[in-house]
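Every heavy atom of this structure was used, including side-chain atoms; hydrogens, water molecules and symmetry mates were not.
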Protein chains: 2
Amino acid sequence: MVGRLAADSIERRSGVSLWRQIAEKILQAIAVGDFAESAALPPEMALAERYGVNRHTVRSAISALVQEGVLRAEQGRGTFVLSRRRLSYPIGARTRFSTGLQGQTSERHIVLLASSVEPASQRVAEGLGLAKGADVIRLETRGEADGRPVSRAAGWFDARRFAGIDAAMAETGSITASLARFGIDDYLRQSTVLSARHADAADLADLDLQPGAIVLVTVAINVTPDGQPIQFSESRFPAERVELKLSAL
Amino acid sequence: MVGRLAADSIERRSGVSLWRQIAEKILQAIAVGDFAESAALPPEMALAERYGVNRHTVRSAISALVQEGVLRAEQGRGTFVLSRRRLSYPIGARTRFSTGLQGQTSERHIVLLASSVEPASQRVAEGLGLAKGADVIRLETRGEADGRPVSRAAGWFDARRFAGIDAAMAETGSITASLARFGIDDYLRQSTVLSARHADAADLADLDLQPGAIVLVTVAINVTPDGQPIQFSESRFPAERVELKLSAL
DNA sequence: TATAATTGTCTATATCAATAGACAAATTTG
DNA sequence: CAAATTTGTCTATTGATATAGACAATTATA
């Protein structure tokens, strides 16, 4: 076994400040269980030594995480881990927001942020099997669990077939329930393409993230059991709060 | 439709430098097809205006991407997009490295970087259905396609059942072929958990990335058709070069 | 109740990041 | 060939990062 380095890899002049890198490391350490939940972090001096930086740099990292609601610092006592562990969002043949998070959260719901009718872009048209430029309805939604945003999604539907789905969504707060009004009792996930990137300004605002955060991005197509495409969607998940669990499709 | 802002969201004093944020934006613009491949980027002054920063800041971003092999700058002519589009790595019931990338690359192979016997950690033991601390063989591998690293994986196997798999791997360069020597003709993916984070120092070195890069991380368990766990693995993919395509499991 | 441990605040200094402007070097265009 | 376009290099200035040290404020401990 190779000896473990004291400084577990901090990159200087990388375009990412040290305090942010250390904030990431602390988040990771919490996720891995290295720093137990609701227990105290090692003291600032110890962390500074561990990561090979100045105490003040560690303080910057901690203060960012305090801002984010992950930690709470108490003078004289220590710094404590607040945050729950990452939600595990299942992706499979029948991916549904609410049922997927059952058991992990006491409360969850979808908020309809906006809706509009627009001409289908190339990729949306392809996904839905429509002509490019055909009218599609776009629903912008945010998923929340225990009061924290866990997803931000845009969904596109054929405007001719699903006229009024925006109203149904506003009323029911559920894609599944809204589709049921159009005679769709069941639908399956046909494909999912996954990527990751830094959160942009819209992500930061919608998902309540700090600059530099990472989002997981899925682009998916849902179809009826007989293979007819009904929904094209792009969802973004905050990587610090959500992991995706791929189950049998 | 809300008017599109000229500066599409740059965060200051965020712990991520402007030049790195702009480098990310350029990468994204290329991926989305906003900047056509093998064509010239807009001139530096135009980019500076577009993103609302100084020309020198744009130059820092470009020089990082030139370093990364994504762009090539030519004095007097312009700056050109080099990079191929992202590979689409399929994940499904039968996830295999080489066959998965067929058609997308002319050449691909796995390199065995290191192997060792070690006691199983909690999660490895759980995944393989062994007692914690039982001997497991760890194979560290790197996947390469057309000469560029596209994955970095650690795989764990029961040391009793698969004694010598390290030698088989070194010889064949294929997990599938190595397992065949132990009578495993077929294996299925039982579970995959997916997350994303910034690349750490090891990732940077192994995957030839620049600081600040993002990696997709999968933790997976492979089983025989009758459900016996044979491999626990953790893989890291450079998000700028690879997307994961989830297919029917 | 001292003493130690730990977070909070302040000052100072050096380096990196970002802006600004000027001009050189190479290439394309008229 | 001359002019315009575009990348490359240099100097200078400002603000954000990171390090260093000292000490205050609060809490836990002997």
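Residues forming a side chain to side chain donor-acceptor pair (under 3.5 Å) with B:Asp203 (at least two apart in sequence, or on another chain): B:Arg197, B:Arg236.
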The test is side-chain contact (heavy atoms from CB on, under 4.5 Å); show your working for A:Ile26 and A:Leu41 and say whether it passes.
CA-CA 9 Å; A:Ile26 291 173; A:Leu41 248 59; 4.2 Å; yes
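Atom C1' of nucleotide D:dA20 and atom CD of A:Glu49 are separated by 15 Å, given to the nearest angstrom. Protein atom CZ of B:Arg59 is 12 Å distant from nucleotide atom C1' of C:dA24, rounded to whole Å. Atom CD of B:Gln21 and atom C1' of C:dA17 are 12 Å apart (whole Å). Distance A:Leu65 CG to C:dT7 P: 14 Å, rounded to the nearest Å. In this structure, A:Glu44 atom CD and C:dT9 atom P are separated by 11 Å, rounded to whole Å. To the nearest angstrom, P of D:dT7 lies 13 Å from CZ of B:Arg72. When rounded to the nearest whole Å, the span between CG of B:Leu41 and C1' of D:dT6 equals 13 Å. Per the geometry, CD1 belonging to B:Ile22 stands 8 Å off P belonging to C:dA18, to the nearest Å.
In terms of phosphate contacts, B:Ser17 brings no side-chain nitrogen or oxygen within less than 4.0 Å of OP1 or OP2 of D:dA16. Residue B:Thr79 has a polar side-chain atom (N or O) positioned under 4.0 Å from OP1 or OP2 of D:dT7.
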Where do N or O atoms of nucleotides 27-30 of chain D meet protein N or O atoms at under 3.5 Å, pair by pair?
from, atom 1, to, atom 2, distance (Å)
D:dA28, OP1, A:Arg77, NE, 2.9

Restricting to nitrogen or oxygen on both sides, can you table the protein-nucleotides 19-21 of chain C pairs closer than 3.5 Å?
from, atom 1, to, atom 2, distance (Å)
C:dT19, OP1, B:Arg12, NH1, 3.4
C:dT19, OP1, B:Arg12, NH2, 3.3
C:dT19, OP2, B:Asn54, N, 3.0
C:dT19, OP2, B:Thr57, OG1, 2.1
C:dA20, N6, B:His56, NE2, 3.4
C:dG21, O6, B:His56, NE2, 2.5

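A donor-acceptor pair is defined here as one N or O able to donate and one able to accept, closer than 3.5 Å; such a pair exists between the side chain of B:Ser17 and the backbone of A:Gly15.
In this structure, B:Ile30 CD1 and B:Leu65 CG are separated by 7.0 Å, a value rounded to the nearest 0.5 Å. Atom CD1 of A:Ile137 sits about 9.0 Å away from atom OG of A:Ser116, to the nearest 0.5 Å.
A salt bridge is defined here as a Lys NZ or Arg NE, NH1 or NH2 lying under 4.0 Å from an Asp or Glu carboxylate O, and B:Arg108 with B:Glu144 fails to meet this definition. Remark: A:Glu140 engages A:Arg152 in a salt bridge, criterion side-chain N to carboxylate O under 4.0 Å.
Side chains of B:Glu240 and B:Ile214 form no contact here, defined as non-hydrogen atoms less than 4.5 Å apart.
Donor-acceptor pairing under 3.5 Å is lacking for the side chains of B:Trp156 and B:Glu234.
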